[in-house]
There are 2 protein chains.
Amino acid sequence: MQRPSVTMKDVAKAAKVSVMTVSRAFNADKSVNAESRKKILAIAESLGYVFDATAANLRTQKSGFVAVTIPSINNANFAATVDAISERLAQAGLQVLLGYSGYAIDREEELIVQLLRRRPEAIVLTGGHHSPRARRLLENAGIPVIEIWELPADPLGHVVGFSNAQTMHGMVDHLVALGHKNICFVGGEETGDQRGMDRRRGFIEAMTAHGLSPEHLFAAGPAPVSMREGALAMAKLLDSFPQADAVVCVSDLIAFGALSECQRRGIGVPEDIAIGGFGAYEIAAVAHPTITTIDPQPREIGYRTAALIIDLLDPARDVAPRQRVEIDWRLLAAGSTSRRV
Amino acid sequence: MQRPSVTMKDVAKAAKVSVMTVSRAFNADKSVNAESRKKILAIAESLGYVFDATAANLRTQKSGFVAVTIPSINNANFAATVDAISERLAQAGLQVLLGYSGYAIDREEELIVQLLRRRPEAIVLTGGHHSPRARRLLENAGIPVIEIWELPADPLGHVVGFSNAQTMHGMVDHLVALGHKNICFVGGEETGDQRGMDRRRGFIEAMTAHGLSPEHLFAAGPAPVSMREGALAMAKLLDSFPQADAVVCVSDLIAFGALSECQRRGIGVPEDIAIGGFGAYEIAAVAHPTITTIDPQPREIGYRTAALIIDLLDPARDVAPRQRVEIDWRLLAAGSTSRRV
DNA sequence: TTGAAAGCGCTAACAC
DNA sequence: GTGTTAGCGCTTTCAA
C-alpha cells in the first residue's frame with residue numbers, strides 16, 4: 001500500500017536500455033527505434049509505471065496546466081465555458097486547473113496565488129475586476145492572461161467576451177418595440193457579480209435612451225442568485241409596483257422564479273406582464289411559456305479562449321499582445337414576451 | 001514578457017540569507033526567526049517571487065493534489081459534491097484536480113492515466129464501474145482510492161455513497177401508498193450512466209415487490225439527459241400507455257420536462273398523473289406543482305469524502321482500509337404526487 | 001537559529 | 001539510434 005514508486009530508471013533497467021531511451025519512448029520521439037519503443041512501453045505497463053509529470057515539468061519548465069477561475073462551479077454557463085476550454089485544450093495536451101473565486105475579489109486573489117504556484121502556462125479569469133495585488137501578480141507572471149465573459153475597460157492582457165451592458169439594450173429594445181413602458185429590472189445590485197451589475201447598468205442606459213423611467217430596480221440578494229430569489233423578488237415587485245408591464249431579469253433562473261410567482265398569483269405571462277431573462281439556460285426553452293433570453297454563447301467563449309491559448313503558446317506563431325475577441329450574443333425571443341395588441 | 005523566473009535563490013541573495021532560510025520562511029517553519037521571516041516574505045513579494053510548488057512537490061514527493069473524476073461538469077449535483085470536496089480540502093492545503101469522464105468508461109481510463117501522472121495524493125472516482133486497465137492502475141497507484149455516488153459491489157478501496165436502487169424503492173413505496181398502480185419509469189437505459197441504470201433496476205425490483213408490472217420503461221436517450229429529453233419521453237409515454245397514473249423519472253430535469261409536456265397537453269399533475277424525480281434539484285422546489293424527489297445529499301457526499309481523505313493522509317491516524325460510508329438519502333414528498341381520493 | 005551538500009525524476013545538450 | 005552528464009527549484013539531512 002506504500003508508494004511503489006516505479007521510476008524510469010526501473011523501466012530502463014528492465015528493458016536494458018538507458019533512462020534517456022525510456023524518456024524518448026514516452027515522449028514519442030521519432031529518433032527512438034519503433035520496435036524498442038513498443039517494447040519499452042510494454043515493459044513499463046507491466047511494471048505498473050506511470051510517467052511522472054511533476055519531474056518532467058520541473059526540468060522542461062512547462063507544467064502542461066492552464067489555470068481557469070470561475071465564480072462558481074454551480075452555474076451551467078460557466079460550466080459550459082470550462083467544458084469547452086477543457087475539451088479543446090486536451091487536444092493540445094494541456095490540462096485545466098480549475099478554481100472557484102466565490103464571487104469575492106479577495107478569494108480570487110488567494111486563488112490566483114495558489115494557481116500561479118503550480119506554474120500554469122496561461123491563466124484564464126472570469127471577469128475583469130481584480131484586487132491590486134492580483135493584478136500585480138498576473139502582470140509579473142510572464143504568462144498569457146485572458147479575461148473572459150466581459151469586455152473590461154482596462155484589460156490585463158487578452159480578452160474573450162462580450163458587453164453584458166449591451167445585451168440589455170437588446171432586451172429593452174425588444175420590449176419597447178412590443179409596446180412595453182413600465183419595465184422593471186430584477187437583480188444585479190452591488191453583490192460582487194460584476195456581470196450582473198453591468199447588465200443592470202445596461203438596462204438603465206437603455207431605458208434612459210428610450211425616454212423611459214429606469215428606476216424600477218429590484219434586488220434579488222447577493223450572488224449567486226437563483227430561482228427562489230427570483231420568486232421572492234417578483235413578489236416584492238408585484239406588491240410595490242403593480243403597474244409593471246415587463247420585467248427584465250439578470251438571469252433565466254431569476255426569470256423562471258419570477259414566472260412561477262406570476263403563475264402562483266394567476267397573473268398571465270405574457271398577457272399581463274412580460275418577462276425577459278439572460279443566459280439561454282435550458283429552463284428558458286422548456287418553461288411554459290418559453291422565456292425570452294439572451295444567448296451569450298458560453299461554449300463559443302470557451303472554444304475561442306482555448307484556441308487563443310494554443311496560438312499564444314505556439315512559439316512558431318507570433319500573436320499580437322492584447323487580443324480582443326468579441327463574442328456575438330443573440331436575443332432569443334420566446335413566449336414570455338409576445339406582441340401587445 | 002518572458003518568464004522572469006525569480007527563484008528562491010534570488011530572494012535569498014536579496015535578503016542576504018541562504019536559500020534554506022527562505023524555504024523555511026515560506027513553509028512557516030518555527031525554527032526561523034519571526035522577524036527574519038517577515039523580512040524575507042516582504043522581499044519576496046517585492047521581487048514578485050511566487051513559490052514554485054512543482055519543485056517542492058518533486059523533492060517532497062507530495063503533490064498537494066487530490067484527483068477527482070465526474071461524468072460531466074454540467075450537472076448541479078456533481079458540481080455540488082466537487083464544490084464541497086474542494087472547500088473542505090482547501091482547509092487542509094490540498095487542491096482538487098478535476099477531470100470529466102463524459103459517462104464513458106474508455107474516456108475515464110484515459111483521464112485516470114492523465115491524473116495519475118500528476119501524482120495526486122488520493123483519487124476520487126464518481127461511480128464504481130471502470131475498465132480493467134483503470135482498475136489495475138488504481139490498485140497500483142499506492143494512494144487512497146475513493147468511489148462515490150454509488151455503493152459498488154466490488155469496490156477498489158473506500159466508498160462514500162448510497163444505493164441508487166434503494167432510493168427508487170422509497171419512491172415506488174410512496175406512490176403505491178398513494179394508490180398508484182400503473183407506474184412508469186423514464187430514463188436509465190443502457191447509456192453509460194451506471195447510477196441511472198441502478199435506479200431503473202431499483203424501480204423494477206420495487207414494482208415487482210409490490211406485485212405490480214414493472215414493464216413500462218421509457219428511454220430518454222444517452223446520458224446526459226435533461227429537460228428536453230424528459231418532455232419527448234413523456235410524449236411517447238402518454239401516447240403509448242395512456243392508462244399511466246404515475247411516472248418515476250431518473251432525474252428531476254427529466255421530471256420537469258415530463259411535467260411541462262403534461263401541462264402542454266392539459267393533463268393535470270398530480271390529478272391525472274403523478275410525477276416523481278431524483279436529485280432534489282432546485283427546479284423541483286420551484287416548479288408548479290413542486291416535484292416529489294429524492295435528496296441524495298451531494299454536498300454531504302463531498303464533505304464526507306474530503307474528511308475521509310484528510311484522515312487517510314494523516315500519518316498519525318490509522319484508518320482501516322476499505323471504509324464504507326453510507327450517505328442517507330431522503331424522499332421529499334411534494335405537490336406532483338398528492339394523495340388519491 | 002542558520003547554512004552546505006545532496007538529490008527528488010525527469011530531459012536538454014552534447015557525445016558516440 | 002542510443003548513452004552520458006548536468007541540472008530544473010526546491011527540501012532533507014546533517015553540521016555549526
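Below, each value reflects all heavy atoms present in this structure, side chains not excepted, and no hydrogens, waters or symmetry copies. The model shown is predicted, which means the values in this text are computed figures rather than measured ones. Chain letters run A, B, ... following the sequence lines, proteins first and then strands; every chain starts at 1.
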[X]: which residues meet the side-chain contact (heavy atoms from CB on, under 4.5 Å) condition with it, sequence neighbours left out?
X: A:Ala42; value: none
X: B:Ala14; value: B:Ile43, B:Leu47
X: B:Arg59; value: none
X: B:Val96; value: B:Val68, B:Ile85, B:Ser86, B:Leu89, B:Leu98

[X] side-chain N/O to [Y] backbone N/O, donor-acceptor pair under 3.5 Å:
X: B:Glu147; Y: B:Leu156; value: yes
X: A:Thr60; Y: A:Ala56; value: yes
X: B:Asp10; Y: B:Thr7; value: yes

Closest heavy-atom contact between A:Ile70 and A:Ile73?
CD1-CA, 3.9 Å

Looking only at non-hydrogen atoms, find the nearest pair between B:Phe65 and B:Arg118 and report the distance.
CD1-O, 4.1 Å

Under a 4.0 Å heavy-atom cutoff, the residues of residues 90-97 of chain B touching DNA chain C are none

Tell me, which of residues 28-37 of chain B have any heavy atom that sits under 4.0 Å from an atom in DNA chain C?
B:Ser31, B:Val32, B:Asn33, B:Ser36

Would you check if A:Arg133 and A:Val113 make a side-chain contact, meaning some heavy-atom pair closer than 4.5 Å?
yes

Would you mind reporting whether B:Ile309 and B:Glu121 have side-chain heavy atoms less than 4.5 Å apart?
no

Just to verify, what does B:Glu326 make a salt bridge (Lys or Arg N to Asp or Glu O under 4.0 Å) with, not counting sequence neighbours?
B:Arg324

Report for the helix from C:dT1-D:dA16 to C:dC16-D:dG1: angle between first-end and last-end helix axes, five pairs each, rounded to 10 degrees.
30°

Pairs under 3.5 angstrom only: tabulate donor-acceptor contacts from the side chains of residues 297-304 of chain B to other protein residues two or more places apart or in another chain.
residue	atom	partner	partner atom	Å
B:Gln297	NE2	B:Asp328	O	2.8
B:Arg299	NH1	B:Asp83	OD2	3.0
B:Arg299	NH2	B:Glu87	OE1	3.0
B:Arg299	NH2	B:Tyr303	OH	3.3
B:Tyr303	OH	B:Glu87	OE2	2.9

Pairs touching residues 92-150 of chain B that satisfy ring pair (Phe, Tyr, Trp, His ring centres under 6.0 Å), sequence neighbours left out:
B:Phe78-B:Trp149, B:Trp149-B:Phe162

Within a reach of under 6.0 Å around CD of B:Gln91, are more than 12 heavy atoms found that belong to other residues, nucleotides or ligands?
yes

Heavy-atom contact window of chain B on DNA chain C, given 5' to 3' at under 4.0 Å
C:dT1 to C:dG9

Scoring nucleotides 8-16 of chain D by protein non-hydrogen atoms under 4.0 Å (B base, S sugar-phosphate only, - none) yields BBBBBB---

